[in-house]
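Everything on this sheet refers to the single structure shown next.
Remember, it's 1-based here, ligands and their atoms both numbered in the order they're listed.
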Amino acid sequence: MPSKKEELLAQIDRAVKTCHGCRLWRTATHAVPGEGSFKAPIMFVGEGPGYHEDKLGRPFVGRAGSLLDRLLLRNEISREEVFITNVVKHRPPDNRAPMKDEARACLPFLIQQIKVINPKIIVTLGRSALEVFLKDKPIGEMHGQGFKLGNRVIFPLYHPAAALRSPAVLQILERDFRNLPKIMRGEILPKEIEIKSKDINQMKLI
Ligand code: URA
């Protein structure tokens, strides 16, 4: 019998699949709500589905996904034990970054997923995901470190797709990723970060 959490996640999936809250559903083939363990201690948040994700309705199954899989494997984290989702759940046309209003419209789904799964660590992949959790913070200064947000840790990383375009970024991503098991084990402590109380969305994510 599915657990309460599994039922809630299935409810979120259904709501995502019928969502017309922004323009993206019109050009998408499949919604991509996310997948993984309902007990995941780590949640990965990417930007939005790409071509292959849109075709299959699953997150990170294209080239960027293969790189993510490799990084997980190398750091002895199994894809089955984490949860993987995106800022927007329908593919932005031509793989453009999600617009602000699209990210805002989709945010309630991400908030619900976080509330149900209750991950200790949220790994943001790329700028769009970082912006949701830590507003106006440059990824160049934040990547590879853990930051406390309520009782969770936000761990910003460069997006795997950026690493596929640049060997220098790939090297940084590989190095940063090695900090993830250390953060999980408490060997690296997250840094305190100032959150302005007017960042209402951030407050909802805590
Ligand atoms: N890039 C993303 O940001 N998300 C995916 O699911 C795939 C590629």
Side-chain angles (χ1 to χ4, degrees), residues 9 12-13 15-17 19 21-25 27-38 40 42-73 77-114 117 119 121-134 137-140 142-144 154-166 169-170 172-174 176-177 180 205:
L9 283 179
I12 298 169
D13 279 21
V16 165
K17 285 175 186 163
C19 180
C22 76
R23 62 190 75 72
L24 293 179
W25 70 276
T27 46
T29 311
H30 289 110
V32 183
E35 66 182 24
S37 168
F38 63 93
I42 309 175
M43 179 185 279
F44 287 83
V45 183
E47 182 171 278
Y51 175 85
H52 297 281
E53 291 75 20
D54 178 62
K55 286 276 169 276
L56 297 177
R58 296 182 53 209
F60 281 95
V61 289
R63 284 184 67 224
S66 299
L67 174 55
L68 179 61
D69 288 348
R70 262 200 324 274
L71 291 164
L72 287 168
L73 196 68
I77 302 168
S78 89
R79 186 163 163 139
E80 288 67 42
E81 77 187 77
V82 303
F83 193 86
I84 305 177
T85 188
N86 283 298
V87 173
V88 293
K89 316 300 198 209
H90 283 102
R91 182 191 182 202
D94 305 317
N95 292 347
R96 64 161 170 77
M99 293 178 183
K100 276 213 166 98
D101 65 322
E102 293 160 354
R104 205 177 311 121
C106 221
L107 184 65
F109 295 127
L110 184 59
I111 292 173
Q112 288 165 28
Q113 288 171 323
I114 293 169
I117 296 166
I121 304 174
I122 296 175
V123 181
T124 59
L125 299 171
R127 220 184 295 262
S128 299
L130 174 60
E131 177 65 16
V132 169
F133 294 91
L134 304 173
K137 306 282 187 209
I139 192 158
M142 310 299 276
H143 69 92
I154 307 300
F155 183 61
L157 290 177
Y158 282 112
H159 197 289
L164 290 172
R165 291 190 294 268
S166 156
V169 174
L170 176 61
I172 297 171
L173 178 59
E174 287 173 333
D176 287 349
F177 216 103
L180 183 53
L205 289 159

So which protein heavy atom does atom 2 (C) of ligand 1 come closest to, and at what separation?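 Protein heavy atom with the smallest distance to atom 2 (C) of ligand 1: Gly48 O, 3.0 Å.
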Quick one: nearest non-hydrogen protein atom to atom 4 (N) of ligand 1, plus distance?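 Answer for atom 4 (N) of ligand 1: Asn86 OD1, 2.7 Å.
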Within a strict 4.5 Å, meaning less than it, do heavy atoms of the [X] and [Y] side chains meet?
{"X": "Phe133", "Y": "Val45", "answer": "yes"}
{"X": "Leu110", "Y": "Lys89", "answer": "yes"}
{"X": "Val123", "Y": "Val82", "answer": "no"}

What's the shortest heavy-atom distance between His90 and Cys19, and which atoms?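 In this case the closest contact between His90 and Cys19 is CE1-O, 3.8 Å.
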What heavy-atom pair brings Pro98 and Glu47 nearest, and what distance separates the two atoms?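 Minimum heavy-atom separation between Pro98 and Glu47: CD-CG, 3.3 Å.
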So, does His52 sit close enough to ligand 1 that a heavy atom of it is under 4.0 Å from the ligand?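 Judged by the 4.0 Å heavy-atom criterion, His52 does not count as contacting ligand 1.
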Any chance you could measure Asn86, atom CG, to Arg91, atom CZ, to the nearest 0.5 Å?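 With rounding to 0.5 Å, CG (Asn86) is 12.5 Å from CZ (Arg91).
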Distance under 4.0 Å to a non-hydrogen atom of [X]: what atoms of ligand 1 satisfy this?
{"X": "His159", "value": "1 (N), 2 (C), 3 (O)"}
{"X": "Glu47", "value": "2 (C), 3 (O)"}
{"X": "Gly46", "value": "3 (O)"}

Please check whether Pro49 reaches ligand 1 - meaning an N/O of the residue sits under 3.5 Å from an N/O of the ligand, judged on distance alone. no
Hey, is Glu53 touching ligand 1 through its side chain, its backbone, both or neither, going by heavy atoms under 4.0 Å?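 For Glu53, the contact with ligand 1 is made by the side chain alone.
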